[in-house]
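Since the structure comes first, as structure tokens, the remarks are kept for the end.
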Amino acid sequence: MHDLIIVGAGHAGCEAANIAAKLGSKVLLVTMNMETIAKMSCNPAMGGIAKGQIIREIDALGGLSGIVSDYSMMQFRMLNTSKGPAMWSPRSQNDRTLFSLKWRELLENNFNVDFVQDSVNQILIDSGTVSGVKTTSGNTFLAKSVILTSGTFMNGIIHIGRKQMTGGRMGDHASYGITEQLVSLGFEAGRMKTGTPPRVDGRTINYAILEEQAGDKHPKCFSFRKPITIEKQHSCHITYTNEQVHDTLRKSFEDSPLFNGAIQGTGPRYCPSIEDKINRFAERTRHQIFVEPEGWNTYETYINGFSTSLPQDVQHTALRQIKGFEQAKIFRPGYAIEYDFFFPTQLKQNLETKAVKNLFFAGQINGTTGYEEAACQGLMAGINAHQNINNKDPFILRRSDAYIGVLIDDLVNKGTTEPYRMFTSRAEYRILLRQDNADLRLMPKAFELGTITQEEYDIMMLKSRNIDDLGKLVRKKTVTPKDANPILTKYGTAEIPQNYLIDKVLSRPQIKYKHLLEIKSINEWMSKYSDEEIEQVEILIKYQGYIKNEQENVQKLIKLENYKIRTDFDFNALKSLSLEARDKLSTIRPENIGQASRISGVSPADISVLLVHFGR
């Protein structure tokens, strides 16, 4: 008997196993292949726009994705630095093999985690509560809670041209039985599709004529808790398709499962295949291709931007028409994969299914796409499964707390009919949910929960105090025209006629904190603080008006979320509600009026009806 069984050892399953075991639960991680734990099935990279914020949030909450990413990092870039800090997003290029090995090592070092190589084909349910799983080899494992993190494996079908084969990933078997069982219990399932590009032999790529994309000169890392700064970096490269490539691919569209009807599942809108891009954006004569290394000790190369399910000979011909790929050889062809998912509106805010107690879903089973989106769901499901079986309150993050809160709230309240991907634009409080302050936002919650150590918490609190102290100093200290004006002139802003408060100088858009450090009188005391602490103060000063407005909006949201709704409340009895609102509210069953306000089809007028009914 285990406290918790996790089905699947991808990014969601690994985070769930780690965090539940860290909290004290006895965990059994069931995987079809012990050699592919935390395998990066698609691109060898972590983070990116909005996804980098999620990795930092996972780290602040006690997860391992940030630590593993830093350990296996080959290159670091902070994206969107030309925009405001709400848009800055860390991204790493990773060694695929090191990433997987490090995850397995860290999980094996947690003695609350047991492993078994097997395939689950049935969930055991007793009187509406999950009680364990059965496997294809005839084994039965009992547990108080089960988390399904099946990725792309449930009834998976791989497509390469007109060829089809079963599988959850190239080289791995698909999983059968669970979808059919859950559908028989009333769950609603659907089909989705994703794809991956060919992997090319790097020895056959002419890098000399490609555009080099180096990492940042001063690379950072993801983890607040165990920061590792990369010492050497591996460049990526950029090339482009052309009209000849497009013509070659178009001639074979009739063999594409995307266009001949072989694929029924919905694909990701924001990561389309190369044939989909050529079809949808016919006016474009080229598309960007990122040439990404798979590891330090391999020539295998990931061709980002060339995801395809066309026949392998067509892939080969088209690739060789790309600049720098004239002699390219394919290690592995690109392919598309279809798989089952369950509509996430069937979940509670804690990722527990509404129909079966203590059964949780996390990752692509909920309709998301991406390692980061899966990992954060696994983290939250692992925490909440532990909370459930120990009769503790669920751990719920609001939309104003974290991108993780935005993602889960979107899934549970709005659902998705296409692979869900996180963007900064999905977060209405993104100036509060920056990547740089994830530790300050979430570590207090993690410490109270028990997922980070006292030492990790103390380091964060020292940083917080230093930021407060520095903020007070820059709002109190002044700088003279003699000291400041040469610097102000140098960076293209007006001189000051008299002594100015430093925060007033720093609030100018042309002036950065690094410029102030060029002033000796300021450098003497400001340089005692870390770059991260000074950067925090700079952001708080430059964006204080926006931050104040968002904080006020958060308070309004919290008021709505404080108005609870009984789980057995009959929405159909409120005839003043629209028919659509009654239907959606009865299906999703929001726990409070704030949650109800974010359900698609529930209008402001419907919310007013609820407020009046509850006497607010």
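Keep in mind it's a predicted model, so treat the numbers as computed, not measured.
- For the pair P44 and F99, the minimum side-chain heavy-atom distance is 4.5 Å or more.
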**Request:** Might you work through the salt bridge (Lys or Arg N to Asp or Glu O under 4.0 Å) test for E591 and K348, ending with a clear yes or no?
**Result:** CA-CA 9 Å; E591 298 173 11; K348 301 177 184 178; over 6 Å; no
**Message:** Using the rule given for side-chain contact (heavy atoms from CB on, under 4.5 Å), can you reason through R169 versus K39, listing the C-alpha separation, both sets of side-chain angles and the distance that settles it, and then say yes or no?
**Reply:** CA-CA 10 Å; R169 170 173 58 211; K39 183 173 182 179; 3.9 Å; yes
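- Under the 4.5 Å side-chain criterion, counting only non-hydrogen atoms from C-beta, N358 is not in contact with V146.
- Electrostatic pairing of E456 and K226 counts as a salt bridge here, judged by a charged N lying under 4.0 Å from a carboxylate O.
- F343 and F341 have their aromatic ring centers within a separation under 6.0 angstrom.
- Rounded to the nearest 0.5 Å, atoms CZ (F290) and CD1 (I303) are 12.5 Å apart.
- Between the Q233 side chain and the D216 main chain, a donor and an acceptor come within less than 3.5 Å of each other.
- For the residue pair S92 and F222, the shortest heavy atom distance occurs at OG-CE1, 3.3 Å.
- Between the side chain of Q536 and the main chain of D436, a donor-acceptor pair closer than 3.5 Å is present.
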**Item:** Chi angles and distances behind the side-chain contact (heavy atoms from CB on, under 4.5 Å) call for M460, F224
**Value:** CA-CA 8 Å; M460 182 279 299; F224 299 101; over 6 Å; no
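- The number of heavy-atom neighbours closer than 6.0 Å to CD of Q288, taken from other residues, nucleotides and ligands shown, is above 12.
- Judged by the 6.0 Å and 45° rule, R91 forms no cation-pi pair with F76.
- The main-chain N or O of G62 is found under 3.5 Å from a side-chain atom of K22 such that the two form a donor-acceptor pair.
- Electrostatic pairing of E57 and R441 counts as a salt bridge here, judged by a charged N lying under 4.0 Å from a carboxylate O.
- The aromatic rings of F187 and F361 sit tilted relative to each other, their planes meeting at an angle between 30° and 60°.
- Here the side chains of I383 and H386 are not in contact, with every heavy-atom distance at 4.5 Å or above.
- The minimum heavy-atom distance linking P590 with I565 is given by the pair O-CB, 3.8 Å.
- A donor-acceptor contact shorter than 3.5 Å is absent between the side chain of T353 and the backbone of L347.
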**Item:** T424 and R430: CA distance, side-chain angles, deciding distance, side-chain hydrogen bond (donor to acceptor under 3.5 Å, both in side chains) verdict
**Value:** CA-CA 7 Å; T424 51; R430 55 186 171 273; 5.1 Å; no
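- Proximity of T369 to C271: side-chain heavy atoms (C-beta onward) are nowhere separated by under 4.5 Å.
- Considering CG of D583 and CG of L577, their distance stands at 11.5 Å, rounded to 0.5 Å.
- For the residue pair E352/N384, the side-chain donor-acceptor check at 3.5 Å is not satisfied.
- Under 3.5 Å, the side chains of S223 and D70 contain no donor-acceptor pair of N or O atoms.
- Note that CD1 of I467 is 11.0 Å distant from OH of Y529, once rounded to the nearest 0.5 Å.
- Here the OG atom belonging to S307 is positioned 8.0 Å from the NZ atom belonging to K277, to the nearest 0.5 angstrom.
- Across Q75, E292, R77, a single residue satisfies side-chain hydrogen bond (donor to acceptor under 3.5 Å, both in side chains) together with Q93, and that is E292.
- Side-chain atoms of N553 and Y429 form no donor-acceptor pair, as typed in the model, at a separation below 3.5 Å.
- R280 places no side-chain N or O within donor-acceptor distance of the main-chain N or O of D276, the cut-off being under 3.5 Å.
- Going from atom CG of L560 over to atom CD1 of I607 covers 7.5 Å, rounded to the nearest 0.5 Å.
- Each of K414, R426, R598, R398 was compared with D409 under the salt bridge (Lys or Arg N to Asp or Glu O under 4.0 Å) criterion, and only R598 meets it.
- Remark: the Q377 side chain and the T368 side chain contain an N/O donor-acceptor pair separated by less than 3.5 Å.
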**Request:** Evaluate the criterion salt bridge (Lys or Arg N to Asp or Glu O under 4.0 Å) for residue pair K556 and E552; output intermediate values, then yes/no.
**Result:** CA-CA 7 Å; K556 294 175 185 177; E552 289 173 353; over 6 Å; no
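- Between the side chain of K542 and the main chain of L506, a donor-acceptor pair closer than 3.5 Å is present.
- Between I459 and K463, every side-chain heavy-atom pair lies at or beyond the 4.5 Å cut-off.
- Of the possible donor and acceptor atoms, none in the side chain of D439 sits under 3.5 Å from a partner among the backbone N and O of A60.
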**Message:** Let's go through R225 and D59 carefully: what are the C-alpha distance in whole Å and the side-chain angles of both, what is the deciding distance for salt bridge (Lys or Arg N to Asp or Glu O under 4.0 Å) to 0.1 Å, and is it a yes or a no?
**Reply:** CA-CA 7 Å; R225 292 158 41 227; D59 181 74; 3.3 Å; yes
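- The residue from F569, F571, Y563 that alone fulfils the ring-ring contact (aromatic ring centres under 6.0 Å, His included) condition with H613 is F569.
- Counting non-hydrogen atoms of other residues, nucleotides and ligands closer than 6.0 Å to NZ of K564 gives a total above 12.
- Under a 3.5 Å cut-off, the side chain of K559 and the backbone N or O of V554 do not form any donor-acceptor pair.
- The closest side-chain heavy-atom distance from V291 to C236 is not below 4.5 Å.
- In this structure, SG in C14 is found 10.0 Å from CG in L106, a value given to the nearest 0.5 Å.
- Heavy atoms from other residues, nucleotides or ligands lying under 6.0 Å from CZ of R269 number 12 at most.
- Judged by a 6.0 Å distance limit and a 45° cone about the ring axis, R284 is positioned over the six-membered ring of F281.
- Using a 4.5 Å heavy-atom threshold, the side chains of K584 and S600 count as touching.
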**Prompt:** Should D95 and S72 be marked as a side-chain hydrogen bond (donor to acceptor under 3.5 Å, both in side chains) after you check the CA-CA gap, both sets of side-chain angles, and the distance that decides it?
**Reply:** CA-CA 5 Å; D95 185 306; S72 58; over 6 Å; no
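- Looking only at atom types and distance, the side chain of E15 has a donor-acceptor partner in the side chain of S65 under 3.5 Å away.
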**Request:** Determine, stepwise, if the pair E338 / K193 fulfils salt bridge (Lys or Arg N to Asp or Glu O under 4.0 Å).
**Result:** CA-CA 4 Å; E338 278 188 288; K193 165 260 173 187; over 6 Å; no
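- Judged purely by distance below 3.5 Å, without hydrogens or angles, the side chains of S89 and N80 never pair a donor atom with an acceptor atom.
- The aromatic rings of Y543 and Y546 sit tilted, their planes meeting at an angle between 30° and 60°.
- Under the 3.5 Å distance criterion, the side-chain polar atoms of R434 are matched with a main-chain donor or acceptor of I431.
- Side chains of N592 and E561: a donor-acceptor N/O pair is absent below 3.5 angstrom, by distance only.
- Listed for the T451 side chain is a donor-acceptor partner under 3.5 Å among the backbone atoms of L61.
- The existence of a salt bridge linking D410 and R399 is confirmed by a sub-4.0 Å separation between a basic side-chain nitrogen and an acidic carboxylate oxygen.
- Counting heavy atoms from C-beta on, the side chains of Y371 and C42 come closer than 4.5 Å.
- The two atoms that bring G267 and P419 nearest to each other are O-CD, 3.3 Å, heavy atoms only.
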